K.L.:
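Starting off with a structure, shown below.
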Amino acid sequence: MAQCSELFHGLAATLLLASASATWAQNAAAEEPSVTPCRPSVSSPAALSAPGWLEVETGVQRDHGVGPARSDGLSYTFKLAFTPDWGLRVGGDAWVRQTDENGQRISGGGDTALVLKRRFAVDDTQAFGVELGATLPTGRDGIGSGHSDTSLTGIYSADFGAWHLDANLAATRFGRADPATSRVQALWAAGLSRPLTERWSLAGELSGTHQRGTASSRQLLVAAGYSVSNRLALDVGAARSLRSGVPDWSAFAGLTWLAARLF
């Protein structure tokens, strides 16, 4: 519990520093682009971050399973768009602490995901997107998967008045799977979001997975966002498994920061 508290205190300090920096630069940032958060939802938008700018996402999350089983983690993502239609994303878990049902703990870094993204604009209110991803087994034994995975994701994003929709359909091919389990997992996700005020927004999402040989999953996620400035957005929320008899839930908080212009 103490380590979890320290983790959240560390994030709070990061939020305060980033907020102070963003507030100091707010008047000069009128001409700067805005952040394009991918977190905290499962689904990704078709839109990319501002071309030439390094955008950083980070956050803490606690997942709670059966009995004492839980996982605490600190995630990171670096995003760089080369044009409005092409971009690259690198992310993973900087630190994870897992506790199993017997109370045994293990901690360390997680795997690393690389994603190449292409956007196809339809008009000012809708766009399609495609992501090609690869997960590298950089995590500690017992935390990382121990093998490389590949994925392909299709995206549709649209605005309907004040509402914004992001719908994803993805297939992941695992480098290794149990003999009775398929190596391909399908994932679907659909999220709706809308602004509440000039700075506050609200989002909700349904998502699920299907893999032959193992139980399918479904999840409901709700989150709130707060725009500190064009260059900084904060988020907080929770997710809950919708599978009958499964008490899995998670809580999270994080930020998206337009860190620096590279070109």
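What you are looking at is a predicted structure, and each value in this text was computed from that prediction instead of being measured.
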K.L.:
Please find the pair of heavy atoms, one from Leu255 and one from Leu234, that lie closest to each other, and give the distance.
P.N.:
CB-CD2, 3.8 Å
K.L.:
When you compare the side chains of Gln61 and Asp63, does any donor N or O come within less than 3.5 Å of an acceptor on the partner?
P.N.:
yes
K.L.:
Quiz question: by atom type and distance under 3.5 Å, do the side chains of His210 and Ser216 form a donor-acceptor pair?
P.N.:
yes
K.L.:
Quick test of your reading of the model: are Arg89 and Glu131 salt-bridged, counting only N-O distances below 4.0 Å?
P.N.:
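Glu131 and Arg89: salt-bridged.
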K.L.:
Between the side chains of Thr36 and Ser49, is a donor N or O closer than 3.5 angstrom to an acceptor N or O?
P.N.:
no
K.L.:
Tell me whether the count of non-hydrogen atoms from other residues, nucleotides or ligands lying under 6.0 Å of CZ in Arg212 goes above 12.
P.N.:
no
K.L.:
Ignoring hydrogens, what is the shortest heavy-atom contact between Pro51 and Thr83? Give both atom names and the distance.
P.N.:
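Heavy-atom minimum between the residues: CG-C, 3.7 Å.
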K.L.:
Okay, side chain of Arg231, backbone of Leu258: is any donor-acceptor separation there less than 3.5 Å?
P.N.:
yes
K.L.:
Given the ring of Trp249, does Arg240 sit roughly above its face, with NZ or CZ under 6.0 Å from the centre of the six-membered ring and within 45° of the axis?
P.N.:
no
K.L.:
Under 3.5 Å, is there a donor-acceptor pair linking the side chains of Thr135 and Asp111?
P.N.:
no
K.L.:
Should Glu57 and Arg39 count as an ion pair when the cut-off is N to O under 4.0 Å?
P.N.:
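No salt bridge links Glu57 with Arg39.
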K.L.:
For Asn168 and Val42, which heavy atoms make the closest approach, and how far apart are they?
P.N.:
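For Asn168 and Val42, the tightest heavy-atom pair comes out as OD1-O, 4.4 Å.
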K.L.:
Indicate whether any N or O donor in one side chain lies under 3.5 Å from an N or O acceptor in the other, for Glu205 and Ser43.
P.N.:
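Glu205 vs Ser43: donor-acceptor pair found between side chains.
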K.L.:
Name the residue from Val130, Thr172, Leu169 that meets the side-chain contact (heavy atoms from CB on, under 4.5 Å) definition with Leu152.
P.N.:
Val130
K.L.:
What is the minimum heavy-atom distance between Arg243 and Ser217, and which atoms define it?
P.N.:
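In this case the closest contact between Arg243 and Ser217 is CD-CA, 3.7 Å.
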K.L.:
Just wondering, are more than 12 heavy atoms of other shown residues or ligands nearer than 6.0 Å to CG in Asp123?
P.N.:
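Atom CG in Asp123 is packed in, count exceeds 12.
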K.L.:
Taking everything shown except His64 itself, do over 12 heavy atoms lie less than 6.0 Å from its NE2?
P.N.:
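More than 12 heavy atoms, drawn from other residues, nucleotides or ligands, come within 6.0 Å of this atom.
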K.L.:
Taking the six-membered ring of Phe120 as reference, does the NZ or CZ atom of Arg118 fall below 6.0 Å from its centre and within a 45° cone about the axis?
P.N.:
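Yes, a cation-pi geometry.
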K.L.:
What closest approach, in Å, do Arg183 and Ala177 show between heavy atoms, and which atom pair accounts for it?
P.N.:
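Heavy-atom minimum between the residues: CG-CB, 3.7 Å.
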